Amino acid sequence: MSTTRNARTRNVRKALCRTAVATTVAAAAVLLTGCGGDADQASVPEGWGTLETGSVSVGYPRSEGYAEQPADERARANAAVALKEEDGIRTGMVSVQLDFATGVHDAAGAAAAAGAGIGLNSTRRATDDVRLAGPDDAGEAREARRIDYDFTADGQEDTPNRGTPMTGVLVAGVDSKGVPFVVRLNAVKGAVDAGALDAFVGSITVK
């Protein structure tokens, strides 16, 4: 009986080790495919949609209830928007702004301008340089900057109640024609995890 039990224990341990290794490899694969790297076109996760603009394209989690906003309904400052609405409240938003700042010539300048617009009720969690997918002739346009942040909702324009914890990520840069861009995803905190934010950033292609 003891020998049989020990053999079963060893088999279980081996299975757990194989599972752990497989999980680690899969996670690494997601991380590798989730960033732009040297790809001409970014990988958009299954079940996501894509927003197309003249400077960038970016994925949005359509399978999670996000839907592209018609051009005649979105704010003039936005080149493209996808919204998640629940009971009339905008609990998530993906947006693209183009030519949103003057005197900006590189990713650092674009990120500084975009970061200034996050708001006083926000907390920056991280700032990182990222390389986006894009054609070879995009050159330095593929270099961008990512800012992760937390903030609280203000309750205006169908957003969650004032004080609701929110989270967001933005990616800013300058396209191959010299047009500054910023791409954002904002959502109720806890509605999107770190993996989804990474996938969002990894879905961006600069033109």
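These numbers were taken from a predicted model, which means no experiment stands behind them.
Looking only at distances, a side-chain donor or acceptor of D193 sits under 3.5 Å from a matching main-chain atom of A196. Between the T205 side chain and the A42 main chain, a donor and an acceptor come within less than 3.5 Å of each other. Here the side chain of K207 pairs no donor or acceptor atom with the backbone of P135 at under 3.5 angstrom. Remark: the backbone N or O of A153 is not paired with any side-chain donor or acceptor of R162 at under 3.5 angstrom. With hydrogens and angles disregarded, a donor-acceptor distance shorter than 3.5 Å links the side chain of R142 to the backbone of L132. The main-chain N or O of G155 is found under 3.5 Å from a side-chain atom of T159 such that the two form a donor-acceptor pair. Between the side chain of N121 and the backbone N or O of T152, at least one donor-acceptor pair lies under 3.5 Å.
Here the closest heavy-atom approach between residue A110 and residue V104 is recorded as N-CG1, 3.3 Å. In terms of heavy atoms, Y149 sits closest to L185 at OH-O, 4.4 Å. Scanning all heavy atoms of the two residues, the minimum distance from V44 to G59 falls at CG1-CA, 4.2 Å. Nearest heavy-atom pair, A107 versus A144, reported as atom, atom and distance to 0.1 Å: CB-CA, 3.7 Å. Contact record, P180 with G178: CD-O, 3.5 Å, taken as the closest heavy-atom pair. Across all non-hydrogen atoms, the minimal contact from V81 to S95 is CG2-CB, 4.2 Å.
Looking at residues two or more places apart in sequence or on another chain, you find a side chain to side chain contact (heavy atoms under 4.5 Å, CB included) between R62 and Y60. Looking at residues two or more places apart in sequence or on another chain, you find a salt bridge (Lys or Arg N to Asp or Glu O under 4.0 Å) between E85 and R90.
Taken together through direct or relayed side-chain contacts under 4.5 Å among Ile, Leu, Val, Met, Phe, Trp and Tyr, V179 and F100 form parts of separate hydrophobic clusters. Linking ILVMFWY residues whenever their side-chain heavy atoms come closer than 4.5 Å, directly or via other members, leaves I89 and L83 in distinct clusters. Tracing side-chain contacts under 4.5 Å through hydrophobic residues (I, L, V, M, F, W, Y), one never reaches V169 starting from I118; they form parts of separate clusters. Linking Ile, Leu, Val, Met, Phe, Trp and Tyr residues whenever their side-chain heavy atoms come within less than 4.5 Å places L98 and V58 in a single cluster.
For CG of D87, the number of neighbouring non-hydrogen atoms (other residues, nucleotides, ligands) closer than 6.0 Å is 12 at most. With a 6.0 Å radius and a threshold of 12 heavy atoms from other residues, nucleotides or ligands, E157 has its CD atom at or below the threshold. Other residues, nucleotides and ligands contribute at most 12 non-hydrogen atoms within 6.0 Å of the CD atom of E140.
Using a 4.5 Å heavy-atom cutoff, the side chains of N78 and R76 are not in contact.
Under 4.0 Å is where a charged nitrogen must lie from a carboxylate oxygen, and between R145 and D129 at least one such pair does. A salt bridge links K189 with D150: the distance from a Lys NZ or Arg NE/NH1/NH2 to an Asp or Glu carboxylate oxygen falls below 4.0 Å.
Rounded to the nearest 0.5 angstrom, I147 CD1 and D128 CG are separated by 10.0 Å. Atom CG of L51 and atom OG of S57 lie 9.0 Å apart (nearest 0.5 Å). One distance of note links CG of L170 with CG of D148; it measures 8.5 Å at 0.5 Å rounding. Atom CG of D198 and atom OG of S203 lie 11.0 Å apart (nearest 0.5 Å). Going from atom CG of D154 over to atom CG of N161 covers 11.0 Å, rounded to the nearest 0.5 Å. The structure places OH of Y66 at 6.0 Å from OG1 of T91, a figure rounded to the nearest 0.5 Å.
Exactly one residue among V206, V56, D99 makes a side chain to side chain contact (heavy atoms under 4.5 Å, CB included) with D175. That residue is V206.
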